[in-house]
> 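The structure is given below, and queries will be raised subsequently.
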Protein chains: 2
Amino acid sequence: MRTKEGNKAKTIIDAAIEVFAADGFHNAKISQIAQIAGIATGSIYLYYPNKESILSKIFEQVWSSLALPADDLLARKDMNPIEKLENLIDLFFDIFTEDPNLAKVFVNDQEHLMKTNSSAFIHNYENFLDTGEKIVLEGIKSQCFNPNIDIKIFRNFFFGGIRHLLHLWARDHKAFPLNVVRQNVKFILKKGILE
Amino acid sequence: MRTKEGNKAKTIIDAAIEVFAADGFHNAKISQIAQIAGIATGSIYLYYPNKESILSKIFEQVWSSLALPADDLLARKDMNPIEKLENLIDLFFDIFTEDPNLAKVFVNDQEHLMKTNSSAFIHNYENFLDTGEKIVLEGIKSQCFNPNIDIKIFRNFFFGGIRHLLHLWARDHKAFPLNVVRQNVKFILKKGILE
DNA sequence: GTTATTTTTGAATCATTATTCATTTATATT
DNA sequence: AATATAAATGAATAATGATTCAAAAATAAC
């Protein structure tokens, strides 16, 4: 007999994140992922049925790791809605602080999966966005948020803005430090731009 | 002799927008673009040297059409900064109102070109974003905008938010009517979410 | 209506890579 | 240390689709 040594499934994911981030999913080569993972090209297929499933796996991890924390946050009684929204933003950013490459892959390649694939992560992804929406609804009900705002539009606007900044940070940490980004996003969230 | 009939270069662009929007640049087939354009596959290459140059051309048109209007807007003396920002938002949305497919291509595929290609549109694109930044700066100087906001972050946050909403509108006009989106974006811009 | 020139065609070429699989290597068990 | 079994290899396969190009079609000029 022979046993598998190390956690190759994980090693492959890490290598894939690196290569997807650098080249984008479509231009990424399986052979390069294998090289970085330190295994043979064909060995990839012992762990994943195809290239797309590797990408899928990445997003499954991202969004499943946010599911519980987001649900818990929503349920808390000791925070007001604005605090909850701030925490939700932090949850999201925290996923990526340790891994700019993961942020690049998220921004550039998740959309591809949402078209073709009916992958397992989509449920968790939408649940995360819904949580933001629910918190806003809560804020409007408790009369601390402006009721003239369309909740769906608001949540998506914010998500889009944050997503774009995450992307810029991933490309250039110095120009867009994540703590400054967080702070500004929270500020705009609350106050808009007017003096 | 023989003369070219019709504006095939344009017909190809229109067909390409349709196909890129449906399949994404990487999965789009030149043969399908040709079919929709009503010409032979090989004829594409009489007008464009390769697939990527078609995509490039699309963005050249988009961003060059915004260059002058944006500059003019910036220079106007009869508007305050907030009015200028609102107009800038309108300029941007107006490009896409007639063509949801163009919006899809913008959101999904421009990034690809910004990586590989040093295409002609990039200058105009950045100029457009810079215009937004300049208006905000003007607003801060004239003390009508909050000076605590980081201008670069602000402009990118807004651009990202708008971009994401444009994408949602392109996928589902009914759920995200562009006029409602405009209105909400302008509202958030000014007031933030707090009551 | 013939010729010269340009446009158009679309099947053949060519390059690229994801995926497969016959073979080799490693190690758990005896 | 021999055997059995699973893991790993990487060269060969196979599919795809962008691009080319020799041939055909169209029309302007005469």
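Naming: A, B, ... by sequence-line order, numbering from 1 per chain. On a predicted model such as this, the values are computed, not experimentally measured, just so you know.
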> In terms of side-chain heavy atoms of B:Tyr45, which of D:dT19, D:dA7, C:dA18 is nearest?
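Looking only at side-chain atoms, B:Tyr45 lies closest to D:dT19.
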> Tell me, please, which residues at least two apart from A:Trp63 pass side chain to side chain donor-acceptor pair (under 3.5 Å).
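A:Trp63 satisfies side chain to side chain donor-acceptor pair (under 3.5 Å) with A:Gln110 once adjacent residues are dropped.
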> With a cut-off of 3.5 Å and sequence neighbours excluded, list every side-chain donor-acceptor pair involving residues 100-107 of chain B.
none

> Output side-chain donor-acceptor pairs under 3.5 Å for residues 24-33 of chain B, partner residues at least two apart or in another chain, one line each.
unit_1  : atom_1 : unit_2  : atom_2 : d
B:Lys29 : NZ     : B:Asn27 : O      : 2.6

> Between B:Phe154 and B:Phe145, is the ring centre distance below 6.0 Å?
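Ring-ring flag for B:Phe154/B:Phe145: false, centres at least 6.0 Å apart.
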> Under a 4.0 Å heavy-atom cut-off, which of residues 29-44 of chain A touch DNA chain C?
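Here the set is A:Lys29, A:Ile30, A:Thr41, A:Gly42.
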> Please enumerate all residues that pass side chain to side chain donor-acceptor pair (under 3.5 Å) together with B:Arg182, with sequence neighbours excluded.
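B:Asp90, B:Asp94.
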> Determine which pairs satisfy salt bridge (Lys or Arg N to Asp or Glu O under 4.0 Å) with at least one residue from residues 68-77 of chain A, sequence neighbours left out, and list them in order.
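Residue pairs with at least one partner in residues 68-77 of chain A: A:Arg76-A:Asp78.
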> Under 4.0 Å from any atom of DNA chain C, heavy atoms only: list the residues of residues 7-25 of chain A that qualify, in numerical order.
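Heavy-atom contacts with DNA chain C come from no residue of residues 7-25 of chain A; none.
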> Sequence neighbours excluded, which residues qualify as side chain to side chain donor-acceptor pair (under 3.5 Å) partners of B:Lys84?
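Partners of B:Lys84 under the side chain to side chain donor-acceptor pair (under 3.5 Å) test: B:Glu138.
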> To the nearest Å, give me how far apart CG (B:Asn27) and C1' (D:dA15) are.
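That distance rounds to 15 Å.
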> Going by the rule side chain to side chain donor-acceptor pair (under 3.5 Å), which residues pair with B:Glu18 if we only count those two or more places apart in sequence or in a different chain?
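Counting only residues at least two positions away or on another chain, B:Glu18 forms no side chain to side chain donor-acceptor pair (under 3.5 Å).
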> Counting C-beta onward and ignoring hydrogens, is there a side-chain heavy-atom pair between A:Phe159 and B:His164 closer than 4.5 Å?
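Yes - at least one pair of side-chain heavy atoms lies under 4.5 Å apart.
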> Side chain of A:Tyr47 only, heavy atoms from C-beta on: which candidate in C:dT19, D:dA8, C:dT9 is closest?
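Among C:dT19, D:dA8, C:dT9, the one nearest the side chain of A:Tyr47 is D:dA8.
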> So what does A:Tyr48 hit on the nucleic acid, given a heavy-atom distance under 4.0 Å: a base, only sugar-phosphate, or nothing?
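A:Tyr48: no heavy atom of the nucleic acid under 4.0 Å.
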> My understanding is that only residues two or more places apart in sequence, or in another chain, count here; which of them pass salt bridge (Lys or Arg N to Asp or Glu O under 4.0 Å) with A:Glu83?
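A:Glu83 satisfies salt bridge (Lys or Arg N to Asp or Glu O under 4.0 Å) with no residue once adjacent residues are dropped.
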> Check salt bridge (Lys or Arg N to Asp or Glu O under 4.0 Å) between A:Glu86 and all other residues, then give those that pass, not counting sequence neighbours.
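Salt bridge (Lys or Arg N to Asp or Glu O under 4.0 Å) check on A:Glu86 returns A:Lys190.
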> Between atom CG in A:Leu46 and atom P in C:dA26, what is the gap in whole Å?
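Taking atom P of C:dA26 as the reference, CG of A:Leu46 is at 16 Å.
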> Rounded to the nearest Å, what distance is computed from the NZ atom of residue B:Lys51 to the P atom of nucleotide D:dG17?
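B:Lys51 atom NZ is separated from D:dG17 atom P by 9 Å.
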> Please enumerate all protein N or O atoms sitting under 3.5 Å from an N or O of nucleotides 1-4 of chain D, with distances to 0.1 Å.
unit_1 : atom_1 : unit_2 : atom_2 : d
D:dA4  : N3     : A:Met1 : N      : 3.1

